[in-house]
Amino acid sequence: RQAFQQAGGVGPLIGLVRTGDPQAQEHATTALWNAMVDNDETKQDVIHHPQGLQVLVHVLLSGTDKAQEIAAGALWKACVAQPFLAKDRLFVAIPALVQLLKTGSPGAQTQAAGALRSACINSGANKMELNRVGGIAALVECIRSGTSKTRREAGAALANAAANCGDNQIAARHAGAVQVAGLATR
């Protein structure tokens with residue numbers, strides 16, 4: 001992983017994700033995610049690459065089910081790398097992550113909820129964007145009908161989104177969060 005990062009491997013992979021066919025896109029997204037595991041430098045390279053986050057958003061919107069899941073996981077990892085910088089940049093991905101909550105595979109929903117969970121920690125802008133694009137209701141629906149992993153991640157994302165944010169607390173209440181709160185831990 002270190003050699004990959006030092007050799008400048010992020011740029012070519014991003015290019016392959018952007019221009020490859022669906023199978024190549026899936027493999028390149030997987031390779032990018034793998035390179036980010038336990039490698040903060042590679043995470044930073046993806047965050048700082050002029051097309052890094054945009055390419056991952058493109059995969060969220062149009063990739064295969066597996067590629068969408070992996071791209072959401074990569075965004076989650078990026079958010080953990082340098083929390084404050086990544087969160088500010090992750091703002092652009094929030095609408096696509098919310099769309100994935102609504103229409104993605106169960107695995108993609110879990111990864112999207114996890115990315116949103118991390119994106120909403122100490123970021124008022126991300127919390128408000130999540131609300132603006134209907135993410136509060138989407139998280140409540142994931143708690144209501146998702147897998148146990150999705151319910152846990154969506155519950156944590158909802159808690160982070162509502163923390164110190166009155167508008168999101170109101171939106172959560174209107175979306176039925178109180179009625180499904182107990183499901184988030186099952």
Side-chain angles (χ1 to χ4, degrees), residues 14 17-18 22 25-26 29 32-33 36 43 46-146 149-151 153-177:
I14 287 174
V17 171
R18 191 179 72 235
Q25 182 185 67
E26 188 174 305
T29 304
L32 193 58
W33 182 85
M36 294 171 73
K43 292 173 191 173
V46 172
I47 293 165
H48 292 295
H49 190 282
Q51 298 170 339
L53 293 178
Q54 292 85 349
V55 165
L56 291 173
V57 169
H58 172 74
V59 174
L60 292 178
L61 296 172
S62 63
T64 65
D65 286 350
K66 191 64 176 171
Q68 289 175 334
E69 179 179 346
I70 294 164
L75 288 166
W76 190 359
K77 286 207 165 299
C79 201
V80 176
Q82 281 196 340
F84 298 108
L85 174 61
K87 285 178 195 161
D88 290 346
R89 292 184 178 219
L90 196 65
F91 182 88
V92 301
I94 290 175
L97 289 166
V98 170
Q99 185 60 37
L100 209 53
L101 288 177
K102 295 175 181 178
T103 62
S105 69
Q109 289 175 333
T110 301
Q111 295 296 317
L116 291 167
R117 175 184 119 186
S118 292
C120 287
I121 297 172
N122 299 320
S123 177
N126 287 350
K127 291 177 183 189
M128 295 311 296
E129 179 67 359
L130 180 66
N131 189 342
R132 186 189 72 76
V133 299
I136 302 296
L139 288 168
V140 170
E141 185 54 36
C142 283
I143 295 168
R144 182 177 289 118
S145 62
K149 288 180 182 180
T150 301
R151 287 195 306 264
E153 291 303 330
L158 186 61
N160 289 346
N164 300 314
C165 186
D167 289 345
N168 285 3
Q169 292 168 10
I170 292 167
R173 194 170 28 253
H174 287 149

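All values below were derived from every heavy atom in this structure, side-chain atoms included, with hydrogens, water molecules and symmetry-related copies excluded. Position 1 is the first residue of the sequence, and the numbers go up from there.
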Original post:
Between Met36 and Trp76, is any pair of side-chain heavy atoms under 4.5 Å apart?
Top reply: no
Original post:
Are Val46 and Leu56 close enough that some pair of their side-chain heavy atoms sits under 4.5 Å apart?
Top reply: yes
In terms of side-chain heavy atoms, does [X] have a donor or acceptor partner in [Y] at a distance below 3.5 Å?
X	Y	value
Asn131	Asn168	yes
Ser105	Gln109	no
Glu26	Thr64	yes

Subject >> Arg151 to Gly146 - nearest heavy-atom pair and separation >> reply: NH1-O, 2.9 Å
Subject >> Nearest heavy-atom neighbours spanning Gly52 and Ile14 >> reply: CA-CD1, 3.6 Å
Roughly how far, to the nearest 0.5 Å, is [atom2] of [Y] from [atom1] of [X]?
X	Y	atom1	atom2	value
Arg132	Asp167	CZ	CG	14.0 Å
Gln68	Thr103	CD	OG1	6.5 Å
Cys142	Leu158	SG	CG	10.5 Å
Leu101	Leu116	CG	CG	5.5 Å

Original post:
Just by modelled atom types, is the Ala74 backbone N or O under 3.5 Å from a matching donor or acceptor in the Lys43 side chain?
Top reply: no
Original post:
In this structure, which one of Arg18, Gln25, Gln51 forms a side-chain contact (heavy atoms from CB on, under 4.5 Å) with His58?
Top reply: Gln25
